[in-house]
Amino acid sequence: MRTATLGPAQRAESLAAMAERELDVLVVGGGVVGAGTALDAVTRGLSTGLVEARDWASGTSSRSSKLIHGGLRYLEMLDFALVREALKERGLLLERLAPHLVKPVPFLYPLQHKGWERLYAGSGVALYDAMSMARGHGRGLPVHRHLTRRHALRVAPALKKDALVGALQYYDAQMDDARFVATLVRTAASYGAPVANRARVTGFLREGERVVGARVEDVEAGGTYEIRAKQIVNATGVWTDDTQSLVGERGQFHVRASKGIHLVVPKDRIHSSTGLILRTEKSVLFVIPWGRHWIIGTTDTDWDLDKAHPAASSADIDYLLEHVNSVLSTPLTRDDVQGVYAGLRPLLAGESDATSKLSREHTVAHPAPGLVVVAGGKYTTYRVMAKDAVDEAVHGLDMRVADCVTEEVPLLGAEGFPALWNARARVAAETGLHVVRVEHLLNRYGTHAEEVLELIAADPSLGDPLQAADDYLRAEIVYAASHEGARHLDDVLTRRTRISIETFDRGTRSAREAAELMAPVLGWDKDQMEREVQHYEKRVEAERESQRQPDDLTADAARLGAPDILPL
């Protein structure tokens, strides 16, 4: 079985390998689109490299609503092409590419008007299902159903009786967005692409008008590499304009950032067996099942402050609580909120100032010879964006290149997953872990859960849960550093796991134990370990302080009170 280990040694080797010889394609940006582009290019037989300034998925791609969906509201906007494309991708991910990571999730849509609304909304959801089935990838999800008010309240007792006259229930899909990206990166690496996070592009190499490479700073170990490539793909999302400015090319389009925040609350605070989708005056609000939690989101507001650490203000949190409480019989309070996270959507600027009206379609351009830019789009359609970006890059290569094959390339951990899932009781018996623990590992790593189990076999203490975050095993912390490219404590508590949003202490009580587990893998001494813990605690306090501020400006200033950690 193909695998790839992204530990400290592999990262250093990857940077050296990229600088050693000219690549066919260098991808800049380690979010879902950049990682998908690297996988697309390398599986066409192109020599491909991938660099990311911070951690994999540290921007938009770890802070989404964690949904893989066609987008019902785009159907209402009559954007049939976007919905059709997204539904096809949803089916591919569920059935073929990542069944271990992408799972069905039910949603209840409460109806508030008798007669016409059921006909109107029901027609839309029926079309949604029909479009999915027509693409040949809808078999993995149940079709929608109409519910009476009484039936809807049995399914979701948390709803106020007067908040609905009936309901529709339909299915979409969800995933852990940061874990999905980490798996994409490892899959690209397994096909031969050298990849390096904490490797920042500081400039581009030019020969006349042509862009022929990038100057890359190793943020961890220091030093600068000149990486030459026949084509460079700029897949930096909300940083697209900043990256373009390094070339001195404005580009043919402009990317604006729209801030969306999400709240995480414990499962017992909302009594329901299904997710909820609610209309607001601006958009829609989701209440999404998330393990032992609910994710509530999202907002949609313009953001022109710090892109690396978008901040959620007190007004943002109040907005979500007010809207979700309008339909809940037992209102949520600030004390119910375990976690808060804010992300930025990269939107292609349109004629309207309202970000919810900006395009979620993606665009690919070739602003200078040797440089391709891909921007916009939505998480669900990352594979299509990647294909279009590589197709554009191929135009600039003086060679015959194979067509895209990523429709047929399962992500690491997918191959053999159904068989191992069926054997989970046997695996539990053999390892001494509870079957629920084995299911947790399978749903996070697929068949690569066996690598985590090997760590436990070598050191049984790694089979114990973290003391202050018992959803996760100690082995998962070690694995994040040894196999998944985690370089800092923040990478593990925020992205490789979701401890930072799934515990009321936001990971501070787990920080020291996790740092002690990471230290031997990453070669930390006691001073570095202490710096990691202190930095994480300061980051959490800065986030808490930002969430007490009344508006974006004050929230941004408070969040920036905790600088990014740098190695000694």
Side-chain angles (χ1 to χ4, degrees), residues 64-67 69 72-73 103-114 117-118 121-122 124-125 128 141-176 260-300 312 314-341 436 471 498 501-504 547:
S64 73
S65 297
K66 315 198 187 313
L67 292 176
H69 63 135
L72 265 178
R73 72 187 181 108
K103 306 293 180 181
V105 59
F107 284 103
L108 192 76
Y109 176 68
L111 300 170
Q112 297 177 316
H113 306 279
K114 291 187 176 180
E117 190 182 15
R118 185 179 290 278
V125 177
Y128 194 65
L141 296 177
V143 295
H144 75 283
R145 56 179 183 158
H146 288 259
L147 305 180
T148 62
R149 179 165 69 173
R150 181 179 297 178
H151 191 174
L153 290 171
R154 283 204 304 270
V155 172
L159 292 174
K160 291 178 182 174
K161 290 182 180 177
D162 61 359
L164 70 165
V165 297
L168 295 167
Q169 188 175 46
Y170 74 99
Y171 280 76
D172 256 319
Q174 69 175 167
M175 47 68 218
D176 181 330
I261 83 143
H262 296 79
L263 311 180
V264 182
V265 302
K267 196 75 174 222
D268 63 4
R269 301 304 197 272
I270 300 176
H271 188 196
S272 176
S273 61
T274 178
L276 304 172
I277 177 171
L278 311 169
R279 276 195 174 280
T280 71
E281 66 275 12
K282 295 178 182 176
S283 185
V284 294
L285 185 75
F286 286 102
V287 180
I288 305 162
W290 180 255
R292 296 200 294 170
H293 317 271
W294 297 98
I295 292 175
I296 302 169
T298 179
T299 57
D300 194 355
S314 180
D316 292 327
I317 295 169
D318 287 343
Y319 172 87
L320 289 181
L321 289 176
E322 178 188 344
H323 279 83
V324 75
N325 283 339
S326 69
V327 299
L328 296 181
S329 55
T330 303
L332 298 173
T333 69
R334 286 287 188 108
D335 291 339
D336 294 317
V337 177
Q338 274 181 306
V340 181
Y341 65 93
V436 172
D471 279 352
R498 293 309 191 147
I501 58 172
E502 292 177 349
T503 58
F504 278 108
Q547 290 154 21

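In what follows, every heavy atom counts, from backbone to side chain, and hydrogens, waters and symmetry copies are set aside.
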Any idea which heavy atoms bring [X] and [Y] closest together, and the distance?
X    : Y    : answer
A152 : L164 : CB-CD1, 3.6 Å
Y109 : E117 : OH-OE2, 3.5 Å
D316 : T299 : O-CG2, 4.2 Å
P331 : N325 : CA-OD1, 3.3 Å
W290 : M175 : CZ3-O, 3.7 Å
K267 : W294 : O-NE1, 3.0 Å

Return the [atom1] to [atom2] distance between [X] and [Y], rounded to the nearest 0.5 Å.
X    : Y    : atom1 : atom2 : result
E322 : L320 : CD    : CG    : 10.0 Å
Q169 : R145 : CD    : CZ    : 4.5 Å
L328 : R269 : CG    : CZ    : 13.0 Å
S273 : R154 : OG    : CZ    : 10.5 Å
I296 : S65  : CD1   : OG    : 12.0 Å
T274 : I288 : OG1   : CD1   : 11.5 Å

With the side chain counted from C-beta on, respond yes when [X] and [Y] share a heavy-atom pair under 4.5 Å apart, and no when they do not.
X    : Y    : result
L278 : P110 : yes
I261 : I317 : yes
T503 : D471 : no
K66  : V105 : no
L67  : D172 : no
Y170 : L141 : no
H146 : L168 : yes
I295 : V264 : yes

- Carboxylate-amine/guanidinium proximity below 4.0 Å for R292 and D268: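 Here R292 does not pair with D268 in a salt bridge, since their nearest N and O are not under 4.0 Å apart.
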Distance-only, no hydrogens or angles: does the [X] side chain make a donor-acceptor pair with backbone N or O of [Y] under 3.5 Å?
X    : Y    : value
Q338 : E502 : yes
T298 : H262 : no
S329 : A158 : yes

- Query: In terms of ring plane angle, is the pair Y319 and H323 parallel, tilted or perpendicular, where the classes change at 30° and 60°?
  - Reply: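 Judged by the thresholds at 30° and 60°, the geometry between Y319 and H323 is tilted.
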More than 12 heavy atoms from other groups under 6.0 Å of NE2 on H271:
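No, not enclosed.
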Mind running side-chain contact (heavy atoms from CB on, under 4.5 Å) on L332 and V337 for me, showing each step along the way? CA-CA 8 Å; L332 298 173; V337 177; over 6 Å; no
**Asked** Any chance the rings of F286 and F107 have centres within less than 6.0 Å?
**Response**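 Yes, ring centres under 6.0 Å apart.
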Practice problem: Please step through side-chain contact (heavy atoms from CB on, under 4.5 Å) for the pair D336 and L263, ending with a clear verdict. | Solution: CA-CA 10 Å; D336 294 317; L263 311 180; over 6 Å; no
